[in-house]
Amino acid sequence: MIALKLEGVRFRYPGASEWALDVPSLEIERGEFVTVLGPNGSGKTTLSFLANGLVPKSVRGDFEGSVEVFGHRVSDYTVAQLSTLVGTVFQEPDSQLFCMSAEEEVAFGPENLAVPREEIAKRVEWALDVVGLKGLGHRPPSTLSGGQKQRLAIAAALSMKPSMLMLDEPAYALDPVGRVELYSILSGLKARHGMTVVVMERDAEDLVEFTDRFVLMSGGKVQAVGPPREVMGDPAALARAGVSPPQMAEVASLLNARRKGPPFGFLTVEQAVAEITVNAHRHTKGGSR
Amino acid sequence: MIPHPVPGGPESVLRLRNVKFTYESGIEALGGVNLSVDKGEYLAIVGGNGSGKTTLAKHMNGLLRPSSGDILVLGAPASSRTVAELARVVGYVFQNPDHQLFCGTVQEEVAFGPSNLGLGPTEVQARADHAIDIMGLSHVKGRSPLSLSLGLRRRVSIASVIAMRPQVLVLDEPTTGLDAGEASDLMSIVRLLNEEGSTIVLITHEMKLVAEHANRVVVMAGGRIVLDADARGAFSDPGLLRSSKLLPPPVTLLAHKLAPIGVSKDVLTPEELVFELTRGGVG
Amino acid sequence: MTGFMDLYSERDTFLHRLDPRVKLLAVVTISALAFILSEIWSLLLLLAFILLLMALTGSSFRKAFFALKFVIRFMVLITVLWPLFDRSGTPVLFSIGPLDITEPAVWRGATSAVRVGCFATVWYILMFTTSQRDLVRGLTKLGLRFDYGLALAISFRFIPTFGLTIESIKDAQRARALELDRGSLWRRSKNYVTVLVPTVVTALRTAHMLSLTLQSRAYGAVRERTYLREVRMGPRDYVAAAVALLVFLLPAVAMYHFGVQL
């Protein structure tokens, strides 16, 4: 089942000479954790607005092509209807949290859908629990930390029970430990609830261990799509996209450039430890080098 | 490593002595900080969100005044000078450039700072032009700052501060929202400024940047300095960093984990790690 | 400037438990009463009654004092300024240059001051005992369109945020050697223009993001939305509503029907 399907999609902001988005074809499978990686201006944010129809219904511009979510043509539905299928979380929680308490924030979506009160209460409790904000329902969002606010924005989308989450730079202002915690929560949603997760980011460093497939973007176009090893191990593709590889990938390419034998492909510290120690043992054991 | 206050000598540009700061709400954000910064240093103040690093930085140009303790800027007490006066010697670049930009063109925006210093128009223009040049903004100098991308807006904001030629430049998370290319360009410019004599105080939680650029690292957690050492010393204790909500660069972590097979722990960049690995015949 | 949240404190008093609609009604009837009463002694009685209600809000003395501080200042201001503008009547107490300060004017000033004191204090009672959420819910139950209720709620929510943003913008401009803390009033006002543009830009950006967010949370999807928070009138509320009405009706009838001087 295809969660998100783009065909011949092109979008240009009013008055712009270039396409902000130019994607002839892209498919995201249900239950995948996809990271859309690209520098600023690559079209990632515009892409995040496609799934629930904000582009082109609310965000004006020249639009071509078709977008389908879970088999439904986006152009046939309103943004409100699509929000029950696709939850969208934008950058910077401060302008997404507008209620006086966390609980209200999370209840807002289901209330708009006329979900019965008892059900809303259950969803609010569940959503806050899933993102690790259990018991903080009464707190005003302004008293929460940056990381908590970010998680609250996610909970507010989750309470609508979508099947897919699109998140535009959800770790924007978080510290390194906070970032990893956030991505773990998203990964947990995929693993335990079958959620399709699409994250837009500029830096792959902390995402490699959670991502099923990377989509590299630059200049509005998709430059490469593939599993981490394939994409991160291709310096040419990364350079074309203007994206830096994770440090471990850099180390692997530097090492591979000056040795013979099977190339290293590690992307995370754990993988590197494993591959390097195995290689070291092979040398000491074999002694036939 | 126990931090010890360095007596501010003639080269001291900033000296904070036992600075404490408590917000009106009663929360203590700084609990007795001692810090001395010398001319020409490139210092990184690191810590997780809520560690107090931004609170500390804001004491350097008077944006915040200590609840107790004293602060000397270029040898003179900061308490008797307003923020605007201190801005002449300590330039502070905010994280959100949109909180500063208001002029019709980049040229005007960058000239705004120096024009507040009481200089003649030719001098103001000269300083603005020089700053625009250093920051690589010549190609957009006639455009409205608000129409530019975030990376360029941030550069305009920095240009408008360096145009005042402050001796100390404090940068608050300057790479937030920038992609790798933009961040790298920016950090090169900052390094250039340091080489030309500016004292740099970089507030960040991006440890890869710190490893690459800073020569001194101050780690903060819970409103206190937990470590004040040169860059290599700071990364020698990943446990300490983690408890301060920071992660050492992956290459450093890897070096630590490969120590049993003879790899040195003192590694800050991929190149250094590869050197270590090939040297030991491990790679 | 503090937000709505700072005035409300969560407690379990009789007033807190009342339906917000009843409290709104009470504010209206008591204000209407303050409006029609003309004698200073009856107004002082009303003020005393209101202060008694204030005591029932369970608010700390410090908080109540903080709120009343503004009211008292305002009342003093009115009492002092009134005779400067209303110089009719006799006897003249004293003169300040060409201005005659007359005794009746002083009394009228004091009466107006107490009247305003009643308006303000009863409003504070509402705010001390009603959460913003309940207030908006009460209004929507009375028929206010949810759109307006939401606009109201969002404004309350963002007031402190914008206060902080403005402070941040001021700091950013100060850091570019702009003097906002000293200098002539004229110069400082001119300088505040540099604070205005970034504030407006930030406000517009936030508004844009909010609009996208509201749409992404299905705002406006159905005609009749549900509410997690419910407010229901119980017997106690009906009794309180009746009392609120009587508080106005009895004196009103006495005044207009029986000609009692109140």
Side-chain angles (χ1 to χ4, degrees), chain A residues 45 48-49 51-55 57-59 78-84 86-101 103-124 137-138 140-143 153 156-157 159-160 162 166 168, chain C residues 2-10 130-137 140 146-147 149-165 168 201-232:
Chain A
T45 301
S48 73
F49 292 161
N52 70 347
L54 282 174
V55 161
K57 296 195 174 79
S58 294
V59 179
T78 63
V79 172
Q81 288 168 319
L82 290 164
S83 59
T84 58
V86 182
T88 310
V89 180
F90 307 101
Q91 229 181 333
E92 284 186 77
D94 282 317
S95 28
Q96 280 175 82
L97 302 175
F98 52 87
C99 295
M100 298 295 269
S101 72
E103 185 183 68
E104 283 175 77
E105 205 71 65
V106 180
F108 189 74
E111 284 178 344
N112 289 330
L113 295 170
V115 170
R117 284 185 62 229
E118 304 75 35
E119 174 65 21
I120 297 181
K122 282 202 207 117
R123 290 194 192 188
V124 167
H138 61 286
S142 53
T143 64
S159 60
M160 303 184 68
M166 304 278 286
D168 188 11
Chain C
T2 57
F4 202 100
M5 279 303 292
D6 287 13
L7 291 172
Y8 172 67
S9 51
E10 196 153 340
T130 318
S131 72
Q132 169 265 14
R133 187 184 190 182
D134 283 353
L135 184 65
V136 171
R137 186 72 189 102
T140 52
F146 181 70
D147 299 338
L150 183 65
L152 200 67
I154 292 179
S155 329
F156 284 138
R157 145 78 176 99
F158 275 97
I159 288 172
T161 304
F162 267 94
L164 285 171
T165 304
S168 175
V201 168
T202 306
L204 289 174
R205 280 221 174 90
T206 306
H208 175 67
M209 279 322 297
L210 268 179
S211 140
L212 293 183
T213 303
L214 289 175
Q215 289 174 72
S216 301
R217 310 265 178 273
Y219 182 61
V222 299
R223 191 172 281 266
E224 286 293 327
R225 72 194 299 277
T226 50
Y227 295 87
L228 178 61
R229 184 95 174 102
E230 210 33 286
V231 285
R232 269 195 204 97

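Each chain gets a letter, A, B and so on, in the order the sequences are listed, and its residues count up from 1.
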Among [options], which has the most heavy-atom pairs under 4.5 Å with chain C?
options	result
A:E103, A:Q91, A:Q81	A:E103
A:N52, A:L54, A:L82	A:L54
A:E104, A:Q96, A:K57	A:E104
A:S58, A:P116, A:A121	A:S58

State the [atom1]-[atom2] distance between [X] and [Y], to the nearest 0.5 angstrom.
X	Y	atom1	atom2	value
C:I154	A:M100	CD1	CE	11.5 Å
A:F98	C:M209	CZ	CE	12.0 Å
C:T161	A:L97	OG1	CG	10.0 Å
A:T88	C:R217	OG1	CZ	7.5 Å

Which answer fits [X], side chain, backbone, both or neither, if we ask what part of it has an atom under 4.5 Å from a heavy atom of chain C?
X	result
A:V86	neither
A:S159	neither
A:A107	side chain

Per-residue tally against chain A (heavy atom, under 4.5 Å) across C:G220, C:S216, C:A221 peaks at C:S216
Of C:L212, C:L164, C:L210, the largest count of non-hydrogen pairs under 4.5 angstrom with chain A goes to C:L212
Can you check whether C:Y227 reaches A:I120 side chain to side chain, under 4.5 Å on heavy atoms?
no
Problem - Any side-chain heavy-atom pair of C:L214 and A:N112 under 4.5 Å - result: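 With C-beta onward as the side chain, the pair stays apart.
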Check whether any side-chain N or O of C:E224 sits under 3.5 Å from a backbone N or O of A:A114 as a donor-acceptor pair, and report yes or no.
no
Nearest heavy-atom contact between A:S95 and C:T213 is O-OG1, 4.0 Å
In short, A:S101 meets C:R133 closest at the heavy-atom pair OG-NH1, 4.3 Å
With only heavy atoms counted, which part of [X] is less than 4.5 Å from chain A, the side chain, the backbone, both or neither?
X	answer
C:L150	side chain
C:Q215	both
C:F158	side chain

inquiry  = Is there a salt bridge (charged side-chain N to carboxylate O under 4.0 Å, His left out) between C:R205 and A:E92? Walk through the geometry before answering.
reply    = CA-CA 11 Å; C:R205 280 221 174 90; A:E92 284 186 77; over 6 Å; no
TODO: For C:E230, check side-chain contact (heavy atoms from CB on, under 4.5 Å) against everything at least two apart and list the hits.
DONE: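 With sequence neighbours excluded, C:E230 shows a side-chain contact (heavy atoms from CB on, under 4.5 Å) to A:R117, C:R137, C:K141, C:R232, given in chain and number order.
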